[in-house]
Amino acid sequence: EAVYAYQLAEFLTNYGAPVRPLDDSDGQTTEPVNENPSRWNRKRAADICRDLVKRFPKELAGKQAAQLLNRLLLPTYSIQVEKVNAPQQPFRALVSYQNVTKVLYRIIRLSAAELQTSRDTYFNDDQKKKQFSTWLKRPVVVENSVVLPNDGDLNLHSVEMPLGGLPTGHYLLLATT
C-alpha cells in the first residue's frame with residue numbers, strides 16, 4: 001500500500017496531465033467542467049506524502065515520501081527585470097515563485113565598473129558572497145515589499161511586480177523572502 005501511494009504522489013508531482021481513476025463509466029458526467037483539473041495535483045501529492053510519513057515513518061516509502069514532501073514545500077522564487085528601462089518611467093519585474101508569500105526588495109545604484117565586476121564574478125560563489133555583503137551596506141534607492149497571491153496549490157506562479165521609475169544609471173535589485 002505504501003509503495004503504491006508513494007508512486008501516485010510522485011506521479012501527481014511530476015506530471016501535469018489530469019489523473020482520472022479507472023472506472024466503467026462512459027465518460028459522461030454531470031459534474032461541471034474544471035478549467036485545469038491537474039492544478040491541485042501537487043497539493044494532493046503533498047497530502048499523500050504527509051499521510052505516508054505519518055503511517056509508515058520507518059519504511060522506504062515513508063522516507064521517500066518525506067523527501068518528496070520537502071521538495072514540494074520548498075520555497076523558490078526568481079525575479080527578472082529588463083536590462084534597459086526608460087529613465088524616470090515606471091517598469092515591471094517578473095516574479096516567478098512557488099510557496100512564497102512575500103518578497104522584500106531593495107534597489108541600489110552601481111557604477112559601470114561595479115556592474116561589470118558583478119558580471120565577471122557571476123559564477124564565483126566566494127566573490128559573490130563578498131559582493132552581496134558589500135551591497136547590503138550601500139545606500140538604498142528604493143526599498144519595498146510585495147505580497148504575492150498564494151492559493152495553496154504548491155505550483156509555480158508568476159506575477160508582474162510594479163517598480164517606480166529611476167534616474168539614468170546602473171542599478172541592482174536585491175531581493176529576499
Side-chain angles (χ1 to χ4, degrees), residues 1-83 92-106 118-119 121-129 131-133 135-136 144-163 172-177:
E1 175 188 8
V3 172
Y4 295 122
Y6 171 73
Q7 289 175 346
L8 175 61
E10 191 171 37
F11 177 82
L12 289 170
T13 299
N14 295 323
Y15 301 100
V19 177
R20 187 170 164 256
L22 298 174
D23 58 30
D24 294 331
S25 71
D26 59 1
Q28 303 285 334
T29 65
T30 58
E31 296 177 27
V33 176
N34 191 349
E35 291 177 20
N36 185 359
S38 63
R39 175 178 173 202
W40 296 98
N41 282 359
R42 294 173 70 84
K43 175 81 165 95
R44 288 184 193 116
D47 292 341
I48 292 169
C49 287
R50 285 184 189 99
D51 181 56
L52 285 172
V53 168
K54 182 179 176 183
R55 292 182 0 183
F56 305 101
K58 297 202 187 295
E59 293 189 28
L60 179 61
K63 293 176 183 176
Q64 289 173 323
Q67 291 175 347
L68 181 57
L69 182 61
N70 286 338
R71 195 174 87 215
L72 285 167
L73 300 177
L74 183 69
T76 60
Y77 70 99
S78 67
I79 300 176
Q80 295 177 332
V81 181
E82 297 288 333
K83 288 189 178 188
R92 293 175 289 205
L94 179 67
V95 181
S96 299
Y97 64 97
Q98 181 177 342
N99 304 326
V100 174
T101 57
K102 187 176 186 179
V103 171
L104 308 159
Y105 69 90
R106 62 174 59 172
S118 73
R119 289 179 180 160
T121 61
Y122 184 76
F123 294 107
N124 186 331
D125 286 339
D126 290 334
Q127 285 185 329
K128 232 180 183 154
K129 287 179 186 177
Q131 278 183 329
F132 278 120
S133 64
W135 289 337
L136 290 173
N144 206 346
S145 64
V146 175
V147 176
L148 302 170
N150 181 12
D151 57 9
D153 65 2
L154 305 180
N155 290 322
L156 182 67
H157 297 279
S158 295
V159 295
E160 288 186 327
M161 174 175 73
L163 299 167
L172 181 70
L173 185 139
L174 301 169
T176 189
T177 57

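All values reported here derive from a predicted model rather than from experimental measurement. We're numbering straight along the sequence, starting at 1.
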task = Under the salt bridge (charged side-chain N to carboxylate O under 4.0 Å, His left out) rule, what do Asp47 and Arg50 come out as? Steps first, then yes or no, please.
result = CA-CA 5 Å; Asp47 292 341; Arg50 285 184 189 99; 3.1 Å; yes
Side-chain donor/acceptor of Arg42 to backbone N/O of Thr13, under 3.5 Å =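 It does hold such a pair.
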ask   = Donor-acceptor pair, Tyr77 side chain versus Lys102 backbone, under 3.5 Å?
value =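 No, because the side chain of Tyr77 does not come within donor-acceptor range (under 3.5 Å) of the backbone of Lys102.
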For a quick test of reading the model, state the closest non-hydrogen atom pair linking [X] to [Y] and the distance between them.
X      : Y      : result
Phe56  : Glu1   : CZ-OE1, 4.1 Å
Ala61  : Val3   : CB-N, 4.0 Å
Ala9   : Ile48  : CB-CG2, 3.8 Å
Ser145 : Leu104 : CB-CD2, 3.4 Å
Gly62  : Val53  : O-CG2, 3.6 Å
Ser158 : Ser96  : OG-OG, 3.0 Å

Side chains of [X] and [Y]: does their closest heavy-atom pair fall under 4.5 Å?
X      : Y      : result
Leu174 : Phe132 : yes
Val103 : Ile79  : yes
Pro149 : Val159 : yes
Leu163 : Tyr105 : yes
Asp151 : His157 : yes
Trp135 : Arg106 : no

Supply the atom-to-atom distance [X] [atom1] to [Y] [atom2], rounded to the nearest 0.5 angstrom.
X      : Y      : atom1 : atom2 : result
Gln80  : Arg92  : CD    : CZ    : 13.5 Å
Tyr6   : Leu60  : OH    : CG    : 8.5 Å
Leu154 : Gln98  : CG    : CD    : 7.0 Å
Asn155 : Asn99  : CG    : CG    : 9.0 Å
Arg44  : Asp153 : CZ    : CG    : 11.0 Å
Gln64  : Cys49  : CD    : SG    : 10.0 Å

ask   = Would Val95 and Val146 satisfy side chain to side chain contact (heavy atoms under 4.5 Å, CB included), going step by step from the backbone distance to the final call?
value = CA-CA 10 Å; Val95 181; Val146 175; over 6 Å; no
